[in-house]
Each structure stands twice: as structure tokens, then as C-alpha cells.
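Here is how names work: the chains are called A, B, and so on, in the same order as the sequence lines, proteins then strands, and each is numbered from 1. Because only heavy atoms are used, hydrogens play no part in the values below, and waters and symmetry mates are left out as well, while side chains stay in.
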Amino acid sequence: MSTRPELAAAFTPADIEGVLYKKWIEAGYFKADAKSSKPPFTIVIPPPNVTGSLHIGHALDHTLQDILIRMKRMKGFEALWLPGMDHAGIATQNVVEKQLAAQGLSRHDLGREDFVKKVWEWKAESGGAILDQMKRLGDSVDWSREAFTMDANLSHAVLEIFKRLYDADLIYRAERIINWCPRCLTALSDIEVDHKDIEGEFVQITYGDAGEDQISIATTRPETMLGDGAVAVNPDDDRYKHMIGKLVKLPYVNRMIPIIADELVDPEFGTGAVKVTAAHDPNDFEMAMRHNVPMVIIMNENAVMAGTNTQFDGMDRFDARRAVVEQLRKDGRIGWEKRPYMHSVGHCSRCDTIVEPRLSKQWFVKVAPLAKAAGDAVRDGRVKIEPEELSPRYFEWIDNMHDWCISRQLWWGHRIPVYYGPNGEVVVCGPNDTPPAGYEQDPDVLDTWFSSALWPFSTLGWPAQSEDLAKFYPTSVLVTGYDILFFWVARMMMWGLFAMDGVQPFHTIALHGLVRDKFGKKMSKSKGNVVDPIEFMDKYGSDALRFTLARGANPGSDQALAEEWIAGARNFATKLWNATRFANMNGATTQGDLPEFDSLDDVNKWILTRLDETVADVDQYLEKFEFAKACELIYHFAWDDLCDWYLELTKSSFAKGGSAATDTQRVLGHVLDQLLRLMHPMMPFITEELWCNLTGEETLVTAAWPKFDPSKRDEASIAAVAKVQDIVTEIRRFRNDQGIKTSARVIARFNGMKEAGLASYEDAIRFIVRCDNEDGNFTSKVEVAGITVEFDLSGAIDIKAERARLTKDLAAAEKDRNTAKVKIENEGFMAKAPMEVVQEIRQRLADTTADIERITSALAALPAE
RNA sequence: GGGUGGUUAGCUCAGUGGUAGAGCGCCUCGUUUACACCGAGGAUGUCGGGGGUUCGAAACCCUCACCGCCCA
């Protein structure tokens with residue numbers, strides 16, 4: 001009866017996904033129009049590293065963003081999801097350097113210019129693998145706006161903000177202790193350092209020669225003693241008070257260093273006296289500043305000892321540690337030694353090398369005013385953090401932020417736009433400035449996060465007053481993992497508020513968690529529990545992966561992921577496929593007006609009511625970023641209400657035909673139509689395929705989002721169908737207990753259907769439970785929902801099974817009655833509980849009492865075995 | 001050390017005051033024309049321990065224990 005193409009008997013994701021994505025791109029559905037009169041809805045993608053490939057965390061992050069974007073697009077917003085990548089300074093440089101190393105070359109062999117050229121070549125050939133993988137996932141991003149942090153216009157934005165910050169005295173150059181990675185040979189910011197507990201040593205060392213003043217310090221880094229400028233004690237420590245101000249001789253370097261008093265020293269720690277190595281420890285540096293202690297650098301940039309004029313020069317820092325301890329021990333200067341000693345040590349987040357704190361001249365951002373503004377924007381509600389529980393973490397960090405070291409000793413990145421004149425002049429050049437002749441540019445580049453912090457507006461054309469910027473800034477929501485709250489989110493807040501005259505970069509920060517393995521353990525290469533989203537998509541389809549991830553996404557919390565769950569989501573997709581096939585076979589349609597609601601039978605009223613409730617709740621949950629809850633509702637509506645009940649209940653009606661069948665065809669068409677719309681953001685491929693097949697329309701991508709109308713709900717139909725469900729379930733249970741095969745037909749008589757208002761359902765019920773309406777010898781019965789069903793089992797009733805069944809029911813009813821009875825007999829409850837609760841308990845008591853009577857008499861009526 | 005989240009079925013997790021839930025797994029039965037990537041039925045919990053508030057606590061308060069994350 002329909003001209004639509006027949007759906008394949010089985011759903012094969014690979015058959016449709018690529019085709020549909022291509023269709024969407026060609027049709028330009030994902031392109032946002034800055035001239036549109038529709039209200040904007042903007043998300044900028046957290047730019048993945050150009051070196052990266054799609055991991056399961058991206059899959060989650062992108063799925064959630066795509067859900068929001070697709071929903072808003074369907075709701076009539078001008079939806080822009082802006083894709084792009086990050087140049088990932090250190091990571092990318094490492095990749096290319098590794099390639100060079102394979103040919104026995106270093107970047108210095110090529111020189112700066114050629115090396116950078118090489119990196120661009122690498123990007124053109126191998127970079128951006130993730131972009132194609134995003135297409136697999138179905139990301140509805142606007143590819144025409146794809147951005148890269150090193151693009152000309154984005155680089156332009158970097159120069160602009162640098163200049164503005166510099167002019168506002170928010171960027172400065174200073175000699176400070178920074179985190180130095182001796183492998184990457186660059187400075188790192190605090191958050192690029194991971195602190196890990198490792199086994200080290202803690203040793204007591206005596207300074208000063210015999211016969212002179214001596215003092216014992218304790219340290220985990222004996223080799224740095226060569227750079228000590230003082231020994232510090234707590235001013236209130238009676239053990240050392242008399243020594244404050246005296247000088248002791250530092251072994252091997254033979255320098256006289258003072259004993260100073262500083263509150264920072266914890267008398268309980270070690271010997272209560274600590275060495276002060278100003279150039280190699282941030283705390284020591286602070287003390288040194290307060291007490292004018294000299295700062296002695298004792299290592300070169302490779303963390304090899306240098307310039308100490310001792311036998312240790314030329315040794316790697318860890319070799320030097322052993323050698324220094326050995327020498328000290330020989331010289332009788334070692335007291336106690338604790339080894340292994342667990343303590344926290346900073347590691348380079350890029351290459352895991354132990355970071356060396358190092359005195360070095362670098363560029364910094366003065367964060368105080370910027371961070372204050374970033375904190376206030378959340379404090380005063382202009383920016384919402386979802387879930388709210390994560391905002392203390394944001395405040396804690398942003399309110400205590402240290403100045404940000406932004407210079408990196410790399411070649412890949414935005415070169416610092418500062419030029420030095422022959423006489424030490426410093427000139428900062430904006431995008432349109434030309435440096436004075438003879439000036440030399442600073443060799444360093446900027447921290448990658450410096451440019452990604454501009455992402456929400458540099459990608460929209462800033463600093464130009466572009467149409468995009470006017471239409472799509474501020475962005476609507478930022479969706480990202482809580483793990484980069486500090487790296488990226490906080491910095492976008494600072495830059496956005498500064499550059500955009502106080503307008504925040506996004507209205508809402510929606511944070512999600514990390515994807516973990518099926519036991520909730522963190523995925524890691526060493527544990528071997530890392531999963532590949534591409535593999536899952538190949539095996540189960542993108543929709544299945546997306547639905548699984550969305551279904552597990554409770555705001556801000558991690559989720560466990562197992563292959564079985566994805567298989568389950570694939571099964572769900574198949575279920576939907578088959579439900580649509582069933583609808584097609586039975587002439588479901590979306591053409592013409594829906595029959596008048598009041599004219600429909602209860603089953604149709606019921607499914608429409610349930611649909612309306614589901615649409616309303618799903619809508620609300622998605623607006624609140626409650627993806628897991630939204631998916632859960634969809635899953636149960638589609639599987640339980642629609643497939644398990646509605647489709648089953650309609651079968652007899654379709655078999656009979658007539659006007660009831662016609663109504664049902666239209667209602668079924670409508671319900672599927674709306675359900676597919678509702679599911680499209682989560683499962684875009686299969687819903688597109690099924691919906692176009694069902695409706696004959698071109699695309700679901702731009703179809704209207706379902707509306708809901710609580711006035712079109714019918715509570716009575718809910719109650720009626722609940723009764724029908726009880727009856728069916730009870731008969732099935734009886735049949736099951738009696739060992740009657742599902743396919744076997746049984747003669748049964750239904751009593752009291754009319755009185756219960758269920759007469760019109762008898763046929764449907766009989767159809768489902770295979771009970772024929774014929775005369776018989778009715779030897780057993782089931783009572784449920786106020787009706788009685790008698791069965792002719794040809795005398796072959798299993799009395800034992802029946803007794804067991806009834807006994808079990810009796811026990812349950814007695815237990816229920818008892819809990820109700822206890823409450824009713826409780827004076828406090830009767831006096832204080834709200835009326836409706838009391839009413840409910842009373843009803844329960846009455847119901848269970850009746851149940852008990854009924855079951856007891858049924859048991860008594862059972863013949864002896 | 002500071003902050004913060006958690007402890008509910010075998011596993012992973014929902015559940016913010018009124019008879020404990022889901023998915024997966026498990027047991028039994030079943031190929032009845034949408035679907036075996038399925039259907040029907042079933043089993044499974046001192047809701048971490050202890051105390052308190054309340055007519056009523058998985059939920060609120062206190063306390064202890066254990067696990068996790070962030071920051072130092």
C-alpha cells in the first residue's frame with residue numbers, strides 16, 4: 001500500500017552511515033548562517049590536538065555536544081557547532097622531532113625556519129586524523145568554519161591580545177623559578193606538571209667542618225646542596241635560635257652560607273633545618289627573596305651539573321645525587337638516611353620526565369585581575385557551571401592562581417611578538433605593527449593554551465567585528481571534561497572577559513566526566529584497558545556508541561563503559577528498526593490529521609499520553625544536560641511502552657481492520673514519527689533512515705523538534721492500560737507456572753471485564769495470551785485487577801505449581817498488608833502524616849486484605865495433590 | 001595537609017522524606033509472521049558501620065571506616 005522503499009530485514013549501520021553523512025554535508029544542513037533571523041545557539045568544539053586521534057573521551061564529548069546542537073537545530077535555533085584543532089606546541093614538536101631523530105637529525109640540524117616548515121608538512125600529511133573520525137561519529141559541525149590555532153587569522157588574534165595585555169601591564173618578563181622539562185627543553189606552566197608520588201630518598205647532611213659551626217639539614221635532593229645559599233630554621237625553634245645569623249661552610253664548594261630564620265620552615269620536618277637552594281626550588285626561591293640569599297644555578301638546561309667547580313660537574317642530576325651522597329658518606333657527613341622515601345615529585349605532563357625547578361627569565365601573565373573577573377563571572381551568575389558541585393573546584397583554583405608562565409623554548413607555536421633593540425629596548429608588536437629595523441624577535445613561542453584561550457572568539461573572526469562574532473558570541477554552552485577546567489576553561493574565561501569588554505565567552509559550562517573501563521578503573525596504556533571508539537563503531541555502529549555514551553553521562557561524573565553495553569545499544573537500534581518495519585507492514589502513516597484525541601480508544605490515548613510525557617521529560621532533561629536520564633526515558637518508552645505493549649496491543653486491531661485500525665495506523669505513525677525526532681540527537685543515523693522511510697520526507701536533521709501539550713493527556717487511559725497489563729502479566733505467569741507452551745492455545749473465560757470497564761480489551765488480551773473464547777470445562781482460575789479468568793486445562797492442572805504460585809502471592813500480600821497495618825496502627829503516623837499519604841496506606845491495607853482473602857480461598861479450593 | 005565526590009543486586013550505576021530501581025549478567029521456558037541483536041516468566045539487597053532527627057530515613061544531621069579525584 002505504500003510506495004516507500006522496503007526496509008532491509010536487518011539493520012546494518014555500515015550500509016547507511018557513510019551515505020547519510022555525505023548527504024548531510026552536501027545538503028549543507030550543518031552550515032550556520034550569520035545573517036539568519038533565528039536565535040543563535042553556539043558551541044565551539046574543544047579543539048583536539050592536531051596530533052591526536054579520536055579516543056573514547058572525545059567520542060563522549062562530541063556525542064554530548066552533537067546532541068545539544070542537533071536538538072537546538074531542530075528547535076529552530078541557528079545552530080553553530082564550530083570545529084577545529086589545536087597546534088599543540090610540545091606534542092606536535094615532539095612528533096616531528098621523533099621523525100627527524102629516526103633519520104639521525106635534530107631540529108637544530110634543520111634550523112628554525114625549515115623545522116617549522118617540516119611541521120606544517122607533517123600536518124598536511126598526517127595531522128588531523130581526528131577530523132575524519134568525527135565524521136564517522138556523525139558530528140554535525142560546520143566544516144566551512146573549521147579553524148586551526150595556527151591559522152593566519154587566529155595567529156593575528158594572538159598578536160592582538162598579547163599586545164593588549166602587555167599594554168595593560170598584564171604581561172611581564174621576569175626571572176623566576178619555573179618548571180623546566182630537561183627533555184623537552186622548555187619551561188612549563190604549573191598545570192603542565194603532574195605531581196606523582198615516587199620512591200626517593202631523604203637524608204640528613206651535616207654542613208660545616210669539625211671544630212667550626214655545624215648544622216644538620218635534611219633533604220630529598222642532596223645533589224642540589226652544591227647550589228645552596230643558606231640554611232633556614234624556624235625562628236621559634238629553640239634548638240637553633242643561637243645559630244641564627246652564623247655562617248657555616250658548605251662542603252665541596254667551600255662557600256660560607258648564613259643560617260637564616262623563616263616562618264616557612266616546619267620544625268617538625270626532618271631536622272628542622274632546611275637547605276635553601278634558591279635557583280632550584282620554588283619555596284627556597286621565596287625565602288631567598290625575603291633574605292637576600294644568592295641564587296646559584298648548578299645545572300645546565302639538560303639537568304646536567306654545571307658550574308659548581310666540583311668533581312660533580314658533567315654528571316646527570318641523578319648520577320650526581322648518588323655521587324654526592326657517596327662522597328658525603330665517605331666524609332662522615334651523612335646522619336640518617338631514609339630510602340625509599342615516598343614523596344611527591346613533578347613530572348612533565350607531555351613526556352613524564354621529572355621536572356627541574358629552575359631559575360629562568362620568562363614571560364608571565366599577571367593573572368590576579370583577570371582571574372578575579374573570571375571568578376566573579378561565575379560568582380554573579382553570568383556563567384553557570386553545570387553541575388554546580390564542581391564550581392568550588394573552579395573557585396579554589398582561579399582564586400589562588402599563580403602568575404602564568406607563557407613562554408616556551410620551542411619552535412612550533414606563536415612566536416612571542418616582542419622585539420629587542422640593540423640597547424636593550426623592548427618593543428611589542430601587534431598584528432599591524434612592523435618592528436623597528438635591527439631589532440631581534442624573542443626566540444620563544446607562547447604556551448599553546450595562550451592561543452586556545454582565545455578559541456571562542458578568535459574562531460569567529462576577532463579582533464575583526466565580524467558578522468559571525470556579532471551573531472554567535474557569546475557562545476551558548478561549553479561542553480568539556482572536568483579535567484581541563486583549569487587548562488582551558490578558566491583561561492578562556494580570562495581572555496574572553498578581557499578581550500570582549502567583559503562579555504563572558506559562554507553562558508554555561510557543562511562538565512562531563514571521564515570514560516573508564518567496565519570496572520570503573522581509569523583507562524591507561526599500561527593497564528591495557530584502553531578501548532578504541534572506531535572499533536566499536538565498526539562493530540556496532542556509531543548510533544550504538546553514541547547512545548551508550550550518552551546514556552552513561554550523568555553530569556560531572558565518570559562513567560564505566562563495557563563492550564556489552566554498546567552491544568545492548570545496538571540491540572536497541574535493531575529493535576527500533578524492526579518496530580518501524582512492523583509499522584510499515586501494518587500501514588502506519590504520518591499523512592493527514594491525527595484523529596480527534598477524545599475519539600480514540602484507551603490504548604491510543606494511553607500511548608499518546610505516554611509519548612507526551614516522554615517528550616516533555618526528555619526535553620527538560622536535555623536542557624539540563626541530564627543526558628543519562630533523557631536516554632533512559634527514551635529507552636523505556638520505546639522498548640517497554642511502544643514495542644512490548646502498544647505494538648502487541650495493536651495486533652488484534654490490525655488483524656480485524658476497520659476504523660479502529662485506521663486510527664491506530666495514524667497514531668502509530670505519529671508516535672514513531674515523534675519518537676524518531678526525539679531520538680535523532682542521540683542516534684542520528686538510524687533515525688534519519690527510518691524517519692525518511694516512514695514519512696517520505698527529505699531529512700530529519702532540520703525537522704521540527706517534538707512539542708508536548710500536557711492538556712492532551714488522559715490519566716484514565718493510563719489506569720486502564722495498567723489493568724490490561726496486570727491481566728496479561730498474570731495470565732502469562734499462570735501459563736508459565738503451569739508449563740503451558742507459549743504457542744499453545746488455551747480455552748479461557750473472562751468474567752467481570754464489563755464491570756471493570758475493560759470489555760473492549762478482551763480481544764486484544766486474548767490475542768496476546770493465546771486464549772480462545774470457547775466453551776470448556778473450566779477447572780482453574782486466575783483473579784487479577786478485579787476480574788476472573790477461568791481456564792480449561794483439560795483437567796491437567798499442575799496443582800503443586802499452582803499452590804506454589806498462590807503461596808508466594810499470599811506471602812507477598814501479607815508482607816504488604818503488614819507494613820500498611822503497622823502504619824495505620826501508629827498514632828503518630830495517623831496524626832502527623834499528610835492526608836494523601838494516609839489515604840494511600842488505607843487503600844493499600846484494604847487492597848492487600850482483599851488479596852489475602854481471595855488467595856486464601858483459592859488455595860483452599862485447590863484439590864489435594 | 002586543604003578541598004571535594006563516593007560507599008545501593010554478581011558488575012556498572014540511578015534513586016534529595018512515604019511498599020528499594022535500571023542495564024548487563026544469572027535461572028526456567030519458548031522460534032507465536034516486527035525483532036533470538038528476540039519474547040515470556042523468575043531469583044538476587046541487614047541501601048558501608050554506629051548514633052541521632054522524624055509518625056516515617058537509602059535519602060536529613062553527627063560520627064567512624066574504607067575508596068576516589070583535585071590542589072598543595
Side-chain angles (χ1 to χ4, degrees), chain A residues 7 9-12 190-191 195 266 282-283 344 346 387 389-397 400-401 482-483 485-486 513-514 516-522 540-541 544 548 551-552 554 556-586 626 628-629 631-632 635-636 639-640 643-644 647-648 651 728-737 739-745 767-770 805 808 812 815-820 822-834 836-838 840-841 844 848:
Chain A
L7 290 169
F11 170 48
T12 314
D190 291 345
I191 55 174
H195 291 271
D266 175 7
N283 289 329
S344 179
E389 299 94 85
L390 287 174
S391 46
R393 206 182 265 203
Y394 173 80
F395 292 130
E396 194 203 352
W397 191 76
N400 300 297
M401 196 177 174
Y482 61 71
D483 53 326
L485 186 59
F486 308 138
L514 311 176
R516 315 183 80 112
D517 78 3
K518 63 184 290 191
F519 300 112
K521 299 285 174 226
K522 201 165 179 172
Y540 303 105
T548 307
R551 194 181 184 186
N554 286 116
S557 47
D558 293 351
Q559 64 169 298
L561 180 74
E563 182 162 354
E564 300 95 280
W565 314 170
I566 301 171
R570 185 270 321 265
N571 296 353
F572 180 48
T574 305
K575 187 80 181 173
L576 200 67
W577 184 270
N578 285 307
T580 307
R581 286 179 61 227
F582 172 86
N584 281 349
M585 287 174 200
N586 289 286
E626 293 272 13
K629 290 190 175 74
C631 289
E632 199 63 16
Y635 183 89
H636 287 292
W639 203 310
D640 301 349
C643 292
D644 286 351
L647 295 188
E648 293 303 323
K651 281 177 180 173
V728 168
T729 303
E730 197 57 25
I731 295 174
R732 281 171 171 167
R733 191 174 152 224
F734 174 80
R735 290 182 56 127
N736 211 293
D737 290 346
I740 300 166
K741 288 198 170 192
T742 328
S743 54
R745 305 204 66 88
F767 189 93
I768 292 176
V769 295
R770 302 187 165 260
R805 189 173 77 89
K808 197 178 133 200
K815 190 180 158 221
D816 285 354
R817 182 176 65 165
N818 203 42
T819 48
V822 165
K823 289 204 172 192
I824 295 291
E825 285 169 357
N826 182 337
E827 283 175 28
F829 174 78
M830 294 305 281
K832 296 191 178 174
E836 38 313 349
V837 175
V838 174
E840 195 189 313
I841 301 293
R844 195 184 305 156
T848 50

Legend entry - Euclidean distance for C1', rU44(B) against rC64(B) (whole angstrom): 30 Å
Inset, instruction - Please work out if Arg735(A) contacts a base, only the sugar-phosphate, or nothing of the nucleic acid, heavy-atom cut-off 4.0 Å. - result: nothing
Inset, instruction - For rG1(B), give its Watson-Crick or G-U wobble partner with both distances under 3.5 Å, or none. - result: rC71(B)
Legend entry - Base paired to rC13(B) (Watson-Crick or G-U; both N/O distances under 3.5 angstrom): rG21(B)
Inset, instruction - Identify whether the distance between the nearest side-chain nitrogen and carboxylate oxygen of Glu632(A) and Lys629(A) falls below 4.0 Å. - result: no
What N/O pairs connect the protein and nucleotides 20-24 of chain B at under 3.5 Å? Give each pair on its own line.
residue, atom, partner, partner atom, Å
rA22(B), O2', Glu632(A), OE2, 2.7
rA22(B), O2', His636(A), NE2, 3.3

Legend entry - Pair partner, rC38(B) [Watson-Crick or wobble, under 3.5 Å]: rG30(B)
Inset, instruction - Kindly say if Lys575(A) contacts the phosphate of rG39(B), meaning a side-chain N or O under 4.0 Å from OP1 or OP2. - result: yes
Legend entry - C1' gap between rC55(B) and rG17(B), integer Å: 12 Å
Inset, instruction - Considering just the side-chain nitrogens and oxygens of Lys651(A), establish if one lies under 4.0 Å of OP1 or OP2 belonging to rA34(B). - result: yes
Inset, instruction - Name the nucleic acid region contacted by Asn554(A), choosing base, sugar-phosphate or nothing; use a 4.0 angstrom heavy-atom cut-off, strictly under. - result: sugar-phosphate
Inset, instruction - Respond yes when some side-chain nitrogen or oxygen of Arg733(A) is under 4.0 Å from OP1 or OP2 of rA40(B), and no when none is. - result: no
Inset, instruction - Scan Arg581(A) against the nucleic acid and name what it touches under 4.0 Å (heavy atoms): base, sugar-phosphate only, or nothing. - result: sugar-phosphate
Inset, instruction - Output yes when at least one side-chain N/O atom of Lys518(A) is less than 4.0 Å from OP1 or OP2 of rG25(B), else no. - result: no
Inset, instruction - Would you please confirm or rule out a distance under 4.0 Å between OP1 or OP2 of rA43(B) and any side-chain N or O of Lys808(A)? - result: yes
Legend entry - Base-pairing mate for rU44(B) - Watson-Crick or G-U, with both contacts under 3.5 Å: none
Legend entry - Residues Glu563(A) and Lys518(A) bridged, charged N to O under 4.0 Å: no
Inset, instruction - Determine whether any donor atom in the side chain of Arg770(A) lies under 3.5 Å from an acceptor atom in the base of rU32(B), or the reverse, and answer yes or no. - result: yes
Inset, instruction - Assign Phe486(A) to base, sugar-phosphate, or nothing according to its heavy-atom contacts below 4.0 angstrom with the strands shown. - result: sugar-phosphate
Inset, instruction - Using a cut-off of strictly less than 4.0 Å, decide whether Arg570(A) has a side-chain nitrogen or oxygen near OP1 or OP2 of rC37(B). - result: no
Inset, instruction - Tell me what Ile841(A) touches on the nucleic acid: a base, only sugar-phosphate, or nothing, going by heavy atoms under 4.0 Å. - result: nothing
Inset, instruction - Report which part of the nucleic acid Thr819(A) touches: base, sugar-phosphate, or nothing (heavy-atom distance under 4.0 Å, all strands). - result: nothing
Legend entry - Nucleotide paired to rU7(B) in any strand shown, Watson-Crick or G-U, under 3.5 Å: rA65(B)
Legend entry - Spacing of the P atoms in rG49(B) and rC35(B) (rounded, Å): 48 Å
Inset, instruction - State the pairing partner of rU53(B); accept Watson-Crick or G-U wobble contacts with both distances under 3.5 Å, and report none otherwise. - result: none
